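The model shown is predicted, which means the values in this text are computed figures rather than measured ones. Reminder, nothing fancy here: chain letters follow the sequence lines and each chain counts from 1.
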Amino acid sequence: MLQIQNQSQRPLTTAHLAQTMSLLLLSNIELRDKVMAELSVNPALELVEERICPNCRRRLTSPGACPICSLHQTDEGPIVFLSPRESYRSTPPAVQQDTPPDQEPAAPEDLTTYVLQQLSSNLNPDDRRLAIYILSSLDEDGFLQDPPAFIARATRSTLSHVDRILQLVSHAEPPGLATTGPRQALLVQLDLFPQDSPILQLARGILETFFRELGHREIEKIAANLEVSSNRVREAAAFIHDNLNPYPGRAFWGSGRQPQKGDPNVYHSPDILISHNSSDVSGPLMVEIFAPVSGWLRVNPMFSQAKSKTNNNQTDEWAKHIERASLFVKCLQQRNNTMRRLMQSLVTQQNQFILNGDRHLIPITRAKVAKEIGVHESTVSRAVAHKSVALPDGRIIPLSRFFDRSLAIRDRIKEIIKNESRPLTDDQIATLLRQANVCIARRTVAKYRSIEGILPARLRHRKGARTIE
DNA sequence: CTATGGCACGGATT
DNA sequence: AATCCGTGCCATAG
């Protein structure tokens with residue numbers, strides 16, 4: 001009896017927790033689907049139009065004052081937090097079970113605006129017009145449908161102008177967009193790698209002349225033609241497979257590596273953006289946790305009013321709706337709250353990493369953070385899972401990298417190898433690291449090396465001569 | 001003989 | 001309870 005009453009009055013912590021947890025697990029794109037699904041089945045749930053902050057003209061996604069402006073005034077913490085805008089969606093929804101198949105979602109436009117945003121500072125109005133035309137003419141994999149000459153004619157531009165814009169677009173995030181096919185996309189991505197290395201050169205060679213053979217896995221044939229060992233060809237192929245994305249329009253994950261295996265819905269746009277406040281670069285970092293939708297959710301007040309007035313058999317139904325809606329909203333708020341505190345903690349502790357690169361990542365465990373922000377460790381795990389974050393330097397990395405214990409060491413190894421003239425063996429590297437107060441076994445150096453895609457000392461011998469100081 | 005990569009084990013982490 | 005990570009041992013390639 002009592003239990004039944006409880007159930008109808010308050011969902012109580014079990015339902016609360018269960019739903020909050022499942023929401024935490026979702027990336028914002030998945031969350032967006034979830035919200036949309038909920039909106040479509042629950043008439044009591046209302047999506048309130050977004051408002052624009054009169055001061056900073058950002059979109060507001062919650063009731064009340066603009067978070068960025070109010071934080072400007074009470075600028076005491078090192079970091080500012082807000083969630084003003086939804087991120088773009090780069091792939092059509094994988095499964096839309098709750099929405100009827102009436103119309104396809106307008107996917108490409110979001111990608112267009114996303115790219116335009118990046119380029120906006122480099123574009124004059126003419127460029128912009130052209131960029132929009134190009135972006136909107138891409139096919140769903142992000143490739144050009146029409147040859148540049150056609151585009152030039154259609155937009156009455158010069159061919160060189162078109163080429164220039166194509167250059168810009170293809171080098172924006174996600175890299176390789178607006179190329180003529182997978183091969184070109186891969187080559188562009190290859191060029192964007194910061195430092196050149198033998199394996200990159202080999203990969204480039206393979207892509208340029210033996211793309212078809214690569215597709216057919218004719219390793220031996222490639223090796224024979226390029227006069228390198230088939231093992232090296234294999235390595236180069238693996239590198240291409242692991243680090244480059246032949247279909248940039250589908251989704252992307254920065255220049256990062258292979259993420260968790262077995263995850264069907266691949267990579268997505270960042271869930272979180274960390275950036276400098278444009279006004280002062282030395283100032284606090286700004287962290288934006290993207291909202292799944294623009295606007296904010298609430299229980300439709302009309303609905304609850306109507307419910308109290310009328311007294312028919314529909315009341316039950318409505319009450320259920322209202323309750324479900326309010327639960328959903330509460331859980332969403334809780335999710336936001338957890339994400340906010342999590343990011344606050346992470347950015348505070350790892351700001352050296354964010355600003356100065358991989359080497360300054362300090363090893364940190366999820367358990368530690370959980371303790372700090374006062375939640376269960378599994379909560380942190382869920383909050384970290386399936387999320388990606390864009391750093392001020394433009395890289396997009398999985399949020400879980402904040403917990404990578406070996407990243408800093410791997411970075412040091414990379415540097416050692418890059419700087420040393422004579423190829424060093426793993427053992428020598430291990431001793432060097434030990435001198436630098438990093439004690440790891442020789443075997444571990446080898447592991448890290450292979451993770452970074454660096455060849456063993458023996459094979460680095462001659463080819464490694466070309467380094468960019 | 002040396003440098004590496006594979007396999008597998010134990011301990012920490014999630 | 002399941003997974004990940006560092007490491008030691010051993011076979012093998014050079």
Determine the contact category for [X]: base if any of its heavy atoms lies under 4.0 Å from a base atom, sugar-phosphate if only primed atoms, P, OP1 or OP2 are that close, otherwise nothing.
X        : value
A:Arg382 : nothing
A:Arg442 : base
A:Asp427 : nothing
A:Ser378 : nothing

From the options [options], select the nucleotide whose nearest atom is closest to the side chain of [X].
X        : options               : result
A:Ala441 : C:dC5, C:dT7, B:dT14  : C:dT7
A:Glu377 : B:dA3, B:dT14, C:dC5  : B:dT14
A:Thr365 : C:dT7, C:dG14, B:dT13 : B:dT13
A:Ser381 : B:dT14, C:dT7, B:dT2  : B:dT14
A:Thr425 : B:dT14, B:dT4, B:dA8  : B:dT4

Subject >> Side-chain N or O of A:Tyr448 closer than 4.0 Å to phosphate OP1/OP2 of C:dC5 >> reply: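 False: A:Tyr448 side-chain N/O out of range (4.0 Å or more) of C:dC5 OP1/OP2.
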Original post:
According to a strict under-4.0 Å criterion, is A:Arg405 in side-chain N/O contact with OP1 or OP2 of C:dG6?
Top reply: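 Looking at the OP1 and OP2 atoms of C:dG6, neither is under 4.0 Å from any side-chain N or O of A:Arg405.
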**OP:** Figure out the CG/C1' separation between A:Leu399 and B:dT14, and round it to whole Å.
**Re:**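 Going from CG in A:Leu399 over to C1' in B:dT14 covers 15 Å.
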**OP:** Send over the distance from A:Lys447 NZ to B:dA3 C1', rounded to a whole Å.
**Re:**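 From A:Lys447 NZ to B:dA3 C1': 15 Å.
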Original post:
Closest approach of A:Arg434 and A:Cys439, non-hydrogen atoms and distance?
Top reply: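 In terms of heavy atoms, the two residues are closest at CG-SG, 3.6 Å.
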Subject >> Polar side-chain contact A:Arg443-B:dG6 base: donor and acceptor under 3.5 Å >> reply: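 Check passes, donor-acceptor contact within cut-off.
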Check whether any side-chain N or O of [X] sits under 3.5 Å from a backbone N or O of [Y] as a donor-acceptor pair, and report yes or no.
X        : Y        : answer
A:Asp426 : A:Arg442 : no
A:Arg204 : A:Leu187 : no
A:Lys418 : A:Ile416 : no

